[in-house]
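Notes follow the structure.
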Amino acid sequence: MFIAAILTIAKTRKQPKCPSTDEWIKKMWYTDTMEYCSVIKKNKIMPFAAMWMELETLILSEVERDQQTVIMAGKPILHYFNGRGRMECIRWLLAAAGVEFEEKFIENPNDLNKLKNDGSLLFQQVPMVEIDGMKLVQTRAILNYIATKYNLYGKDAKERALIDMYTEGVADLGEMILLLPLCPPNEKDAKVASIKEKSTNRYLPAFEKVLKSHGQDYLVGNKLSRADIQLVELLYYVEELDPSLLANFPLLKALKTRVSNLPTVKKFLQPGSQRKPPMDAKKLEEARKVFMSS
Ligand SMILES: N[C@@H](CCC(=O)N[C@@H](CS)C(=O)NCC(=O)O)C(=O)O
């Protein structure tokens, strides 16, 4: 382009003193080239070029780091069958924390075996959650991580101890309700009666007492924690079992309403969310097929 411009200028100029257009062009070419070479020789260009290359490398590595961060910060992926089971409390906690998540459903023994064989499951069991570059298993460990990450695990060791105590109580009653569908039909009534009795006389009074003792809106530290979320999830299951069970626990009812009205929880409670319905016979058969024959 530059040479073409020189040629055009030189050809249109009719300068009598100029020996010839060709010579004049050669002279200009020589002068420019020498000037360019001397700049290179004087090391004026090389350091600049090197600096630019370094900058380019720096920009590229920043871009790569950002891409990596996007992968690391991607949505958690939940691996479980398409039912409540042990994953539902994890779904609840993520949803309440306002975290979007993806689900990869295990639909048959092959899907589970694939995860087992590729080393994704430390103890050959699900739930498994891919999060922040980890493949986490063990329900409680997963809940602990999410609660810590999203600031739902108290402000100090004492608050965490209380939260642990309450969530372990929730887990004890929750486990009884979780395993109820697996109960043989002839033992079912007795099991339901036992769960209702323990709910009414042991677990619900304990949580009502905690709320009454400090008169605050939430179980620990006057602030929403995983304990409130996990307890409210349990209260929904207790009510599914028998809607009258909460009747004598006004503070628990109020907590349930309060937590249910948090925008994130409200959204999760709406139809079409990733919340799973109660286990029916069909789901139970599906779970049996996946977990019992793998
Ligand atoms: N302690 C584990 C228990 C997990 C567990 O029992 N998972 C069952 C499904 S709910 C499973 O993967 N069963 C298949 C197997 O044990 O091979 C946890 O809480 O995550």
Side-chain angles (χ1 to χ4, degrees), residues 75-97 99 101-150 152-153 160 163-184 187-188 191 195 198 203 225-227 229-234 236-238 240-241 274-294:
K75 290 182 193 176
I77 304 171
L78 278 49
H79 297 262
Y80 201 64
F81 93 106
N82 186 7
R84 282 185 182 172
R86 294 184 191 278
M87 188 63 100
E88 193 65 355
C89 53
I90 296 168
R91 297 185 186 108
W92 263 84
L93 192 59
L94 283 170
V99 181
F101 56 87
E102 279 176 35
E103 297 195 81
K104 287 200 178 154
F105 295 125
I106 297 168
E107 286 167 345
N108 50 57
N110 277 351
D111 291 345
L112 186 58
N113 283 332
K114 218 183 281 170
L115 287 173
K116 285 182 180 182
N117 295 336
D118 76 9
S120 293
L121 308 176
L122 186 62
F123 301 112
Q124 316 287 304
Q125 289 180 316
V126 286
M128 190 270 275
V129 175
E130 289 185 69
I131 184 167
D132 297 335
M134 297 180 285
K135 288 183 176 176
L136 288 183
V137 292
Q138 290 294 355
T139 314
R140 283 172 168 86
I142 298 166
L143 292 169
N144 292 348
Y145 182 74
I146 295 165
T148 305
K149 180 168 178 179
Y150 296 102
L152 290 164
Y153 210 171
R160 276 197 297 282
I163 290 169
D164 285 342
M165 200 162 70
Y166 303 155
T167 52
E168 286 303 313
V170 167
D172 286 348
L173 181 57
E175 185 87 0
M176 292 179 218
I177 297 176
L178 176 79
L179 298 178
L180 190 59
L182 302 178
C183 187
E187 292 171 24
K188 189 120 180 198
K191 194 82 199 160
I195 294 173
K198 286 223 168 63
Y203 293 99
S225 77
R226 63 181 287 192
I229 298 157
Q230 290 179 241
L231 175 57
V232 168
E233 180 196 354
L234 178 73
Y236 274 92
Y237 302 151
V238 167
E240 278 175 9
L241 208 62
Q274 287 161 297
R275 191 163 73 107
K276 305 294 179 260
M279 294 282 284
D280 56 17
K282 197 168 152 248
K283 275 280 155 216
L284 195 62
E285 192 43 40
E286 198 183 311
R288 251 189 240 280
K289 240 194 291 167
V290 170
F291 296 120
M292 311 278 182
S293 35
S294 69

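Residue indices begin at 1 and follow the sequence shown. Start at 1 and go down the list; that is how both ligands and their atoms are numbered.
- Taken to the nearest 0.5 Å, the CD1 atom of Ile142 stands 7.5 Å off from the CG atom of Leu78.
- Looking only at distances, no side-chain donor or acceptor of Glu102 sits under 3.5 Å from a matching main-chain atom of Lys75.
- By the 3.5 Å distance cut-off applied to N or O atoms, Tyr80 is not counted among the residues near ligand 1.
- Of the listed options Thr139, Val126, Leu178, Leu115, Thr139 places a heavy atom closest to atom 18 (C) of ligand 1.
- With sequence neighbours excluded, the residues that form a side chain to side chain contact (heavy atoms under 4.5 Å, CB included) with Leu182 are Leu179, Leu284.
- At a cut-off of 3.5 Å, with distance as the only test, no side-chain donor of Tyr236 or Glu240 sits close to an acceptor on the other residue.
- Residue contact annotation: Pro127 has a non-hydrogen atom under 4.0 Å from ligand 1.
- Considering each of Lys116, Met128, Arg140, Met292, the one bringing a non-hydrogen atom nearest atom 17 (O) of ligand 1 is Lys116.
- Under the salt bridge (charged side-chain N to carboxylate O under 4.0 Å, His left out) criterion, Arg275 pairs with no residue at all, not counting sequence neighbours.
- Among Gln138, Glu175, Gln124, Arg86, the residue whose heavy atom lies closest to atom 2 (C) of ligand 1 is Gln138.
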